[in-house]
Protein chains: 2
Amino acid sequence: MNRTADQDIGEAVDDAVLRRFLGHHLRRASNFVQSDLARSLKDVDLRMITMSVLTVIVEHRGLRQSQLADALQIERPNLVSILDELEDRKLVERTRVPTDRRAYALTPTAAGEALAAKASQAVRAHEDRVFARLSASERSSLQDLLMKVYPGAEG
Amino acid sequence: MNRTADQDIGEAVDDAVLRRFLGHHLRRASNFVQSDLARSLKDVDLRMITMSVLTVIVEHRGLRQSQLADALQIERPNLVSILDELEDRKLVERTRVPTDRRAYALTPTAAGEALAAKASQAVRAHEDRVFARLSASERSSLQDLLMKVYPGAEG
DNA sequence: TATTGTTATACTCTATAACTATA
DNA sequence: TATAGTTATAGAGTATAACAATA
């Protein structure tokens with residue numbers, strides 16, 4: 001009945017319990033940005049993972065699946081259906097490597113390169129939109145701080 | 001055969017393609033922190049979602065399921081099995097609300113309160129560990145910047 | 001009619017074991 | 001023996017429709 005009151009309780013609860021944790025804000029910000037990115041990529045009919053895969057293939061022609069899996073930190077089995085989709089859509093091609101007939105070299109088609117360019121533009125527009133409230137120096141600070149948090153991002 | 005070279009390619013790929021996006025660093029840092037948190041909570045036999053639910057119930061005794069779902073932004077159906085688990089473990093109790101017999105009031109047991117306290121301690125230890133490379137003022141800056149990114153975090 | 005909690009279900013993402021063909 | 005790609009599968013996490021009881 002009193003919907004407004006219920007909603008207020010919800011927000012108050014969230015605030016009171018979780019806002020003291022830095023990890024909470026990190027997760028909320030990340031989720032917000034990722035959601036917006038996913039929405040942006042729908043315009044070019046790509047998911048986040050298919051965009052990453054396509055982009056890496058475009059910038060590293062001839063890459064093999066295992067290298068791609070390593071680079072994007074995804075399991076080899078999970079890469080298969082992603083590449084099947086991109087191949088079905090004529091965006092990338094799997095071609096046998098003559099010197100190692102177990103492996104496939106991954107190359108983008110012209111359409112794949114064109115779509116990757118469109119996707120890249122969409123991602124840049126998304127970043128500008130989603131970080132609009134941060135100045136250039138604030139974005140730089142945020143990146144520095146984030147790179148101090150996770151290992152492997154030599155800061 | 002040349003494993004080292006392959007691994008280097010993987011890292012080089014990741015760097016070259018993605019490190020220019022702030023969203024990438026945000027996601028990586030968030031994933032790293034969430035993974036460590038999940039690991040920390042295993043010590044108290046809680047998942048992230050069960051910890052959040054238990055903590056909210058402890059700090060808001062008598063809360064109803066729909067309010068809890070609103071507060072934690074999870075769907076009502078997905079809350080059911082979580083509460084089943086917490087109830088089976090004698091950590092929380094569902095009791096009928098006399099004034100609205102459709103609803104349940106959620107209250108923690110003594111064991112639930114004790115475990116929430118342990119969990120809270122584990123989370124604090126986790127935060128100290130995972131943000132160790134950041135000074136107090138850097139943590140504060142990071143929080144301010146993150147709160148500027150997502151909406152609803154009035155900053 | 002609308003809401004609370006529930007059931008059933010489905011879809012995505014992720015992770016592992018085991019297979020094939022090659023090396 | 002080990003590796004590249006594949007298949008099958010299983011587990012989380014998340015989302016929606018529809019139901020019974022109650023308002």
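As a basis for the values below, the full set of heavy atoms in this structure was taken, side chains included, without hydrogen atoms, waters or symmetry mates. Reminder, nothing fancy here: chain letters follow the sequence lines and each chain counts from 1.
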Which listed nucleotide ([options]) is nearest to the side chain of [X]?
| X | options | result |
| --- | --- | --- |
| A:V80 | D:dT16, C:dA15, D:dT6 | D:dT6 |
| A:R47 | C:dC13, D:dT6, C:dT6 | C:dC13 |
| A:A103 | D:dT6, D:dA4, C:dT6 | D:dA4 |

DNA chain D nearest-nucleotide lookup for A:R96 and B:V97: closer to the 5′ end is A:R96
Which whole-number value in Å describes the distance from [X] [atom1] to [N] [atom2]?
| X | N | atom1 | atom2 | value |
| --- | --- | --- | --- | --- |
| A:M48 | C:dC11 | CE | P | 19 Å |
| A:L72 | C:dT14 | CG | C1' | 14 Å |
| B:R76 | D:dA17 | CZ | C1' | 14 Å |
| B:L83 | C:dT4 | CG | P | 15 Å |
| B:R64 | C:dG5 | CZ | P | 7 Å |
| B:Y104 | D:dA21 | OH | C1' | 10 Å |
| A:D70 | D:dT3 | CG | C1' | 12 Å |
| A:Q73 | C:dC13 | CD | C1' | 15 Å |

Within the 3.5 Å criterion, strictly below it, is a donor on B:S35 or B:R39 matched to an acceptor on the partner's side chain? no
- Are side-chain N/O atoms of A:R64 and A:Y104 paired as donor and acceptor at under 3.5 Å? no
Exactly one of A:E85, A:R89, A:K118 clears side chain to side chain contact (heavy atoms under 4.5 Å, CB included) with A:L46, and that residue is A:R89
Under 4.0 Å, counting only non-hydrogen atoms across every strand here, what does [X] touch: a base, just sugar-phosphate, or nothing?
| X | answer |
| --- | --- |
| A:D100 | sugar-phosphate |
| B:R101 | sugar-phosphate |
| A:Q65 | sugar-phosphate |

message = Using a 3.5 Å distance criterion without hydrogens, assess whether the side chain of A:E127 forms a donor-acceptor pair with backbone atoms of B:L22.
response = yes
Walking DNA chain C from its 5' end, the first of A:T99 and A:I74 to be reached, judged by nearest nucleotide, is A:I74
Per nearest nucleotide of DNA chain C, the residue lying toward the 5' end, B:P77 or A:N78, is B:P77
Phosphate oxygens OP1/OP2 of C:dT3: is one of them under 4.0 Å from a side-chain N or O of B:S66? no
- D:dT3 base to A:R102 side chain: any donor-acceptor pair below 3.5 Å? yes
message: Within the structure provided, determine whether B:V149 and B:L145 are in side-chain contact (heavy-atom separation under 4.5 Å).
response: no
